[in-house]
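Right, one structure below, let's go through it.
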Amino acid sequence: MISYAECSARERLARLLDAGSFHEWLAPAERVTSPHLAQLGVPCAFDDGVAIGRAQLNGCTVFVAAQEGAFMGGGVGEVHGAKLVGLLQRAIKERPDAVLLLADSGGVRLHEANAGLIAVSEVMRAVLDVRASGVPVIVLIGSANGCFGGMGIVARCCDHVVMSDIGRLAMSGPEVIEASHGVDEFDARDRALVWRTTGGKHRWLSGDCDALVEDDVEAFREAAIALIGMRRPVTLDALQAEHALLVNRLHLLDEAVPEGADDAITLWGRLGVAQAARVNDMDVQAVRALRTP
């Protein structure tokens, strides 16, 4: 077993995809770097924190992007975002069997705030355009940085989300919530709370991810292979069903949570999860059994 979380972006590409099949576009040798970081005197990366290209996965042609969380937390800036958009737009023209996004990002790069926000909005639109063209988009989440901010929204725009139990997915990161509303609202240092609220087990039980896997590169590979070709068309009926699901989930906590109870555990119980209080101690296989995919 090789930990997905402990791999770098390029290690994930090398181990996840068919051996030797990855052909990178705008590789580090091209030295396409952020103009904003240079102006601020901040060190740049020659790939701007994301590797994109074409590859084979179990013999199928895929376009793939892997964010490098070790560079500025995987933050999206102008060039980083443009590479993602370019990959997606090329997918519409060349129609691979799937697009894989290996997300490892805290969201928009604060050094490039406006450019990063625009880039994320363009990525979201491009993802939906790719889906509309008939090419499924699959996002894999299992890194140390998780998938937050704008990339959290991008992930939920995709056809399928695959997470490990240590992966995290949310709109606002724990530190952002604490900084905005105080430690009483959300203690970012409480690791158990963070994972109960944003982690893979929670996202699986609440229906926000399509596959829950071990922290293992091979497990992610197998899950991605299984989802190739499985489209989830964006239709009015599908959107209305999703909206109804979210409204129902919101109302599950209308009734006061008992003093001393945990919000996530209470929600799991009201979702009908058996033995909700034991979820934190369960392994991945046991948690998967608590919900029908």
Side-chain angles (χ1 to χ4, degrees), residues 3-14 22 24-53 63-90 100-127 139-155 157 166-181 183 186 188-189 191 194 198:
S3 169
Y4 184 92
E6 294 178 4
C7 288
S8 67
R10 294 180 186 279
E11 287 172 337
R12 290 172 188 143
L13 291 171
F22 179 61
E24 187 170 0
W25 300 320
L26 291 180
E30 300 288 336
R31 300 199 175 195
V32 180
T33 62
S34 167
H36 306 284
L37 298 182
Q39 292 175 353
L40 295 170
V42 177
C44 298
F46 290 147
D47 61 6
D48 205 46
V50 64
I52 64 171
F63 286 5
V64 59
Q67 296 179 303
E68 178 51 73
F71 179 67
M72 307 195 76
V76 178
E78 181 178 2
V79 170
H80 185 120
K83 291 176 72 172
L84 292 174
V85 172
L87 174 90
L88 293 162
Q89 291 178 340
R90 186 164 179 173
L100 303 183
L101 299 180
L102 281 56
D104 186 359
S105 177
V108 169
R109 190 179 298 168
L110 296 182
H111 304 73
E112 305 182 47
N114 291 337
L117 287 169
I118 293 171
V120 166
S121 67
E122 291 175 342
V123 173
M124 292 166 56
R125 179 173 58 188
V127 165
V139 60
L140 310 183
I141 304 172
S143 64
N145 287 293
C147 185
F148 291 104
M151 284 307 299
I153 302 176
V154 169
C157 289
I166 65 172
R168 293 173 295 152
L169 168 64
M171 171 55 198
S172 296
E175 292 82 3
V176 174
I177 298 173
E178 181 181 307
S180 300
H181 299 285
V183 70
F186 200 89
R189 294 167 297 179
R191 292 174 59 84
V194 169
T198 67

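Positions are given from 1, in the same order as the sequence printed here.
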Measuring only between side-chain heavy atoms, which start at C-beta, is Val154 closer than 4.5 Å to Cys147?
no
Are any non-hydrogen side-chain atoms of Val64 and Leu102 less than 4.5 angstrom apart?
yes
If you compare all heavy atoms of Leu37 against all heavy atoms of His111, which two are closest, and at what distance to 0.1 Å?
CD2-CB, 3.7 Å
Residues Asp47, Lys83: salt bridge by 4.0 Å N-O rule:
no
Measure across Gly81 and Val123 and return the closest heavy-atom pair with its distance rounded to 0.1 Å.
O-CG2, 3.9 Å
Keeping the roles fixed (side chain from Glu178, backbone from Val183), state whether a donor-acceptor pair exists under 3.5 Å.
no
May I have all residue pairs that pass side chain to side chain donor-acceptor pair (under 3.5 Å) and include part of residues 69-80, sequence neighbours excluded?
His36-Glu78, Gln67-His80
Determine whether a donor-acceptor pair (N or O, by modelled atom type, separation under 3.5 Å) exists between the side chain of Glu68 and the backbone of Ala70.
yes
Measuring from atom CZ of Arg90 to atom CD1 of Ile52, what distance do you get when rounded to the nearest 0.5 angstrom?
8.5 Å
I'd like to check Leu88 versus Arg125 (side-chain heavy atoms, cut-off strictly below 4.5 Å). Are they in contact?
no
Are the side chains of Leu140 and Leu101 in touch, meaning some heavy atoms are under 4.5 Å apart?
no
Applying ring pair (Phe, Tyr, Trp, His ring centres under 6.0 Å) to Phe148 and not counting sequence neighbours gives none
Smallest heavy-atom separation, Val76 atom then Ala119 atom, equals CG1-CB, 4.1 Å
Nearest-0.5 Å distance, OG of residue Ser180 to CZ of residue Phe186
12.5 Å
Donor-acceptor contacts under 3.5 Å from residues 169-177 side chains, at least two apart:
none

Side chain to side chain, Phe46 and Leu26, heavy atoms closer than 4.5 Å:
no
Contact check, side chains of Asp48 and Arg109, non-hydrogen atoms, under 4.5 Å:
yes
Are any non-hydrogen side-chain atoms of Val127 and Met124 less than 4.5 angstrom apart?
no
Determine the minimum heavy-atom distance between Ala103 and Val139, stating which atoms define it.
CB-CG2, 3.9 Å
Between Ala144 and Asp104, which heavy-atom pair has the shortest distance, and what is it?
N-OD1, 4.5 Å
Salt bridge or not for Glu24 and Arg10, using N-O below 4.0 Å?
yes
Working to the nearest 0.5 Å, report the span between CE of Met72 and OG of Ser105.
11.0 Å
All heavy atoms of Val50 vs all of Ala65, minimum pair found to be CG2-CB, 4.4 Å
Distance from Phe71 atom CZ to Cys44 atom SG, nearest 0.5 Å?
6.0 Å
Within the 4.5 Å heavy-atom criterion, are Trp25 and Leu87 side-chain neighbours or not?
yes
